[in-house]
Every structure is written in C-alpha cells, then in structure tokens.
Amino acid sequence: MHLPQVATTLFASAVLLLAAAAPQPVDAFPQVTIPGIGTIGGNTNQQPASSSAAPSATSSAMPTASASASAKPTGTATSAAPTATPTVEDKCPKGKCKVPGRGDQECIHLGSTNVCGSFVGNYVPLNVSDYFRKRMPTKRYYNIPNLDSAAMFDNLWSTSEDYGFMGKYGDDYMRNIAGCAIPNQRWFKTWFCADLLDHFVDNPCTKPSNFTICTDTFTERADSVSADLGNSTACPVGNEGRKLGEIYVSQLKGYSKLSKDANCVSGAATEANDRTLKQCGYTSTWTACNKGCKDVTPEQCAKAIREAQNAPAASSSCDPNDVTCNGKGSSKVGMIVGIVVAVLVVIALAVLYHIRFRKTGGEEKPVPAAPEPEPEVPAAAPAPVAPAPFVQQPIENQPLMTPPPQGPGMVQMPPPQPPVQMPQPSVQMPASPMQMPPAPAPAGLGPIAAGAAAAGLAVGAAAGAAAASNNSNAGLPAPLQPPADCPEQVTESTVAKVQWAYQPTNGDELELNPGDILTVFHRYSDGWGYATRHANPPMRPTAVTGYFPLMVLGETAARSAGAVPDRFESLSRTTTPRN
C-alpha cells in the first residue's frame, strides 16, 4: 500500500472516531427525579397518556376494568354556563400588531387566539420563552421561537409542533407547580392565560393588564386539584409533593383578581373554542365521563375507553427539548480526542515523509537492520613484572666497590644481600561500558517518521489524560454534617466549589463568592439547593446554612450562568440562614 493510501485510510479513521464522539440518542426517554415528588419524563407518568393532549385527542388516561364500570354519569358535576366577555375594542385583529401607547414593539393579542380568546384587550410579547423557563426548568425553553401570529400562540398547545410545550409537557408543567400531573384538573387553559399575563406584568405589551377571573372558575379548579392530591392513585407522590400542591391550591383560592361581576373571565368563556367546554372543563373525555359530566354522552365515553386501550406506546426516543437528552457519551470525549490527535499527527508525518521520499529520487533505500552488539570480554589483569636484580652502577671516575680483604684482625662482613622485592598489587582495569542497542524502527517508515510517530502517540495520550483530568475535584475538604434542626430531607452530602457570585434577595438565602466551598444536602426541581457554606476565616469566620441557586456551581445538570430561577419547591420554612 502506497503512503498516500495509508494517509487517506488514517484520515478516514479519524473522521469515524469524531463521529463516534458525537452525542447519540439515549435508549430511553431521559428522566428527572424530584425527591418526594416523583420522576419527570421517561415512561413513568402516573397516567398512561398526557392529561394535556391536543384538542383532537379524546382521552388521556387508560381506564382499568373497575374504573370502566363506574363510567356512568352520576350527575354530580355540571358544566358552567359561559358568561359575557367584556366588550373591548380589538386593536389587533390579525393577532400581532403594535399597540398604541405601549412602545414600538409588536405584541400578540390574546383576544385573537383560540386558547385565550376571552382575554380581549390583553397582550403578551412575541417572545414568551421566559415564562417556560420559569414553569419548565428541565426543558429547553430557548427552543420556542418568537411568535409571529395568534396561530403560532395556539400551537403552544399542539402536540405536533416542536415548540408545543403545553401540548407535549402539560404533565411536567403541573408537577412543577402542584407536585402532581393532576390528571382530573379543570379549566387548565384559563389558568395558563391568567398566569402568563401575571408573569409579564411589567412588560410593555402586557402592562397594564385588564382582566378578572370568575371566582367559581378558580374554585372549581382548586377543588379538582385538591381531590387528586388526596388520591394516592391519581397522585402517587410524597409529602413534599403534596405540600407543593397545597401551596398551589391556596394560590388559586386567594388569587388577587377574582371577581363575581358580569365582566369576569370564566373557564367556559375562555375555552369556548375547545372541546373542553363540552366536558365540564376537564381535559380528558374519560375524566369527564368518570366525574359524571352531563354534557358527555355514553357513546362518547365508550369511544374514549376504546381509544385509551388502543393508544400507542410512548416513544423511547430522545426528546430534543429535554436538557438531559444528550447526557450520555460525554465521558468518552477526552479519550477519543486524544486518539484523534495521535492519528492526525501520524498522518501529517507520513505525508511529510512521502514528500521527502519523492525529493530523494523516487527510490526508497532499505533501512539496514541494527547490528547486534558483540558481547564484551573483560580484559585480563596484567601479570606483575618482577623487578630486575640490583646492580651497583659505577660512580664516575671511581672504581666499582670490591669486597674488603679478608685477613687476620679483620671483621668478617656478611655477603651483600639482594634488595627485598616488594609485591606489586594486581590492578584490574574496569571493562568499557556496555553499549545499549538502539530501539528498532517501526517497519515501513524511515527513521525520522518512526520517531515522530512515537512522539505523536505520546501527544495523543497526554491530550486524553489532560481532558480526563478536567473533571477532578481533588483538594476539596470533607463534607460537613447537616444541622440538627435541618428542615429538609437530606438526599446527598456533596462538597462543591462555587463558580459564580450570588447576592441573596431573601433572608434564608446564602451570600456566595467564587471559591466558596459548599456541602450540598438537598436539590430542588426549581433550580435551587439547600447547603452549608464552609467557614473560611477571616472573611467567612463561621459556617452558614441556607438556600442557593444551583447555577452558581457551574454544573451541567444545573443551568449555566444567567437569570436566577424563581423559587417554588424550595420555598423555605425559615427566615434567616442558620449559623
């Protein structure tokens, strides 16, 4: 295989690895679990079908055998008669226009819509995504486009449009504000329209709002919510979920714009363009039958049962509007990036080697194999050299010394002895250092390319290790114990470092600066948490416990820095943070 073909093959492999690193749809619909409330998303809805189905649907709950037997109307509920709507000049007949006296921006006239048609003379901005950020924090509210007409506003309740958040996620909406999907609720759309106007009360399009709600409408809605909260089958939630529902019921009964005058907006008038009017305000035909609504015939009830039994199973594909949709697979990104970097380095070096090979004449010289080193034989130590015998040398102009004459009277001198021979130490020179053989070069590449390839693999491994090390939390202290009078259920004991500053707006919230250390004890579905801020003298002399927005931690499950979410589930039972 020629080098250009090798480079092409390696490049294709790198592209495939990058494709593998892209997030893939998860096997099941993502789920978000709220402690004490239940699971949002997935296949764990309390009812077999959504309670906020599109107008074309006729049922949203799978009846059981015992329930179907009790589907006969009992006469315990009646539909409210539509009341007269206020006569206000329609300044926006096409649904979208500039309203005199309310700035230069265009607005949506609710009186021109089907969903909120009785709210004549009331307007909302074209961009309503901030309302869904508040009510559906687990959804990608920013996917909702600017509304261009009254028809686009009505599509918020559609199940076929990508931005049909109320049609698709009505159960999630109710869980966030009432702790339960409330499958048997009444006058859902009337509440939605009033709550939407209250959210944008300071927006130039909405201010000033001009409406009141009939007292009977919200009383009937509060009664239906209370009934479901007290039914463990309809609302299998914990104590925290029921407490959240009780707060919502109190909000309905104490709504500041309730009225009994002739111009109040009733549920029947608001939903006159929808099938809900003929179902006594219930969003499900089956519920209307089970509650004894006289406007529903036995034939309609039988049809609702058949359609509920034949309803298709919920899709397990990844919901593009769910913030956890692309959660899986991200842990492998660091390793794959490292491999891709190594492959690209090898490709670049192979191309450079090919260019150099062509400049050298077109013939590749074989790389000689490295010779095997011969074993080193240690040199033998030199044998000691015997010293030469001592011979007296004659001194210049003097004769050699001769033995003294022997005679009478002369002392006999001993014969001269040879000099003492001192032994010479045996010195053995160390052998020369062993020469290590060079590492064999990879087959098929020149020495320069082979060395660079090894360097490329090292670079890739280092890149993968660096990417993996970004998620370490080394150096954080041990978690603190929760306070003895902790009012929340301790669901975790996690130590985290604050990434964003936060100034509290309520007395039970924590003041936070980047670098503060928290021990998190509880997380809420509204984007808030309950934690103890560690002491850090001298600026933080003592540890303090309170509530804080999860966004300051910079985590993926929590939203990134932006507007601080409103508090619902995390409403405190205390007034000041505890030391």
**OP:** Quick one: closest heavy-atom pair of T190 and F218, and the distance?
**Re:** CG2-CE1, 4.4 Å

Original post:
Do S226 side-chain atoms and D223 backbone N/O form a donor-acceptor pair below 3.5 Å?
Top reply: no

Subject >> Side-chain heavy atoms of R135 within contact of F568, under 4.5 Å >> reply: yes

**OP:** Give a yes or no on whether K257 atom NZ has more than 12 heavy-atom contacts from other residues, nucleotides or ligands under 6.0 Å away.
**Re:** yes

Original post:
Cation-pi between K139 and F165: NZ/CZ under 6.0 Å from ring centre and within 45° of the ring axis?
Top reply: no

Subject >> Polar side chain donor-acceptor pair, Y169 to R175, under 3.5 angstrom >> reply: no

Original post:
Can you tell me if N122 uses its side chain to pair, donor with acceptor, with the backbone of N210 under 3.5 Å?
Top reply: yes

Original post:
Which one of V498, V564, L553, D516 satisfies the side chain to side chain contact (heavy atoms under 4.5 Å, CB included) criterion with F548?
Top reply: L553

Subject >> Donor + acceptor pair across side chains of T217, S266 (<3.5 Å) >> reply: no

Subject >> Minimum heavy-atom distance I182-A178, with the two atoms named >> reply: CG1-CB, 4.2 Å

Original post:
Would T138 and S525 count as a side chain to side chain contact (heavy atoms under 4.5 Å, CB included) if you check the C-alpha gap in whole Å, the side-chain angles of each, and the deciding distance to 0.1 Å?
Top reply: CA-CA 8 Å; T138 62; S525 63; 5.9 Å; no

Subject >> Test item: L147 and K96 side chains (from C-beta on) under 4.5 Å apart, heavy atoms >> reply: no

Subject >> Distance, nearest 0.5 Å, that separates OG of S284 from NZ of K291 >> reply: 11.0 Å

Subject >> Shortest non-hydrogen contact from V128 toward V124 >> reply: CG1-CG2, 4.5 Å

Subject >> Contact summary for Y524 and L550, nearest pair of heavy atoms >> reply: O-CD1, 4.4 Å

Original post:
Between Q503 and E511, is any pair of side-chain heavy atoms under 4.5 Å apart?
Top reply: yes

**OP:** Might you work through the side chain to side chain contact (heavy atoms under 4.5 Å, CB included) test for Y131 and D195, ending with a clear yes or no?
**Re:** CA-CA 9 Å; Y131 175 75; D195 191 48; 2.7 Å; yes

**OP:** Answer yes when R567 and D508 have at least one side-chain N-carboxylate O distance shorter than 4.0 Å, and no when they do not.
**Re:** yes

Subject >> Non-hydrogen atoms of G546 and L510 that approach each other most closely >> reply: N-CD2, 3.6 Å

Original post:
Could you give the distance from CG (L258) to SG (C264), rounded to the nearest 0.5 Å?
Top reply: 9.5 Å

**OP:** Please check if the distance between the ring centroids of W191 and Y248 is under 6.0 Å.
**Re:** yes

Subject >> Side-chain heavy-atom pair H199, T206 within 4.5 angstrom cut-off >> reply: no

Subject >> Any side-chain heavy-atom pair of F188 and W157 under 4.5 Å >> reply: yes

**OP:** Verify the distance criterion only: is there a donor paired with an acceptor across the side chains of T285 and Q279 at less than 3.5 Å?
**Re:** yes

**OP:** Could you tell me which residues satisfy ring-ring contact (aromatic ring centres under 6.0 Å, His included) with F200, sequence neighbours excluded, listed by chain and number?
**Re:** none

Original post:
Would you say R186 and C280 make side-chain contact, with heavy atoms under 4.5 Å?
Top reply: yes

Original post:
Got S129 and Y142 here, is their nearest side-chain heavy-atom distance under 4.5 Å?
Top reply: no

Original post:
Can you tell me if NZ on K497 sees more than 12 non-hydrogen neighbours from other groups inside 6.0 Å?
Top reply: no

**OP:** Using salt bridge (Lys or Arg N to Asp or Glu O under 4.0 Å) as the criterion, list what pairs up with D162, not counting sequence neighbours.
**Re:** none

**OP:** Could you tell me whether a side-chain N or O of K168 sits under 3.5 Å from a main-chain N or O of E161, the two making a donor and an acceptor?
**Re:** yes

Original post:
Roughly how far, to the nearest 0.5 Å, is the CE atom of M551 from the CH2 atom of W528?
Top reply: 9.5 Å

**OP:** Keeping the roles fixed (side chain from R102, backbone from C205), state whether a donor-acceptor pair exists under 3.5 Å.
**Re:** yes

Subject >> SG-SG under 2.5 Å, C97 vs C107 >> reply: no

**OP:** May I ask you to decide if A531's main-chain N or O and H522's side chain share a donor-acceptor pair within less than 3.5 Å?
**Re:** no

Original post:
Between CD of E240 and CD of Q489, what distance do you get to the nearest 0.5 Å?
Top reply: 5.5 Å

**OP:** Starting at OG of S118, measure out to CD1 of I213 and round the result to the nearest 0.5 Å.
**Re:** 7.5 Å

**OP:** Go through the steps to decide whether T519 and T532 satisfy the test side-chain hydrogen bond (donor to acceptor under 3.5 Å, both in side chains), and finish with yes or no.
**Re:** CA-CA 5 Å; T519 296; T532 294; over 6 Å; no

Original post:
Stepwise, does the side chain to side chain contact (heavy atoms under 4.5 Å, CB included) test hold for M136 with Y173?
Top reply: CA-CA 6 Å; M136 299 184 184; Y173 176 98; 3.6 Å; yes

Original post:
Would you say N513 and R540 make side-chain contact, with heavy atoms under 4.5 Å?
Top reply: yes

**OP:** Can you see which heavy atom on W187 is nearest to which on A268, and at what distance?
**Re:** CZ3-N, 3.6 Å

Original post:
Is there a donor in the side chain of S224 and an acceptor in the side chain of N184, or the other way round, less than 3.5 Å apart?
Top reply: no

**OP:** Drop me the distance from I144's CD1 to D130's CG, to the nearest 0.5 angstrom.
**Re:** 10.5 Å

Original post:
Can L156 and V115 be said to form a side chain to side chain contact (heavy atoms under 4.5 Å, CB included), step by step?
Top reply: CA-CA 9 Å; L156 293 172; V115 173; over 6 Å; no

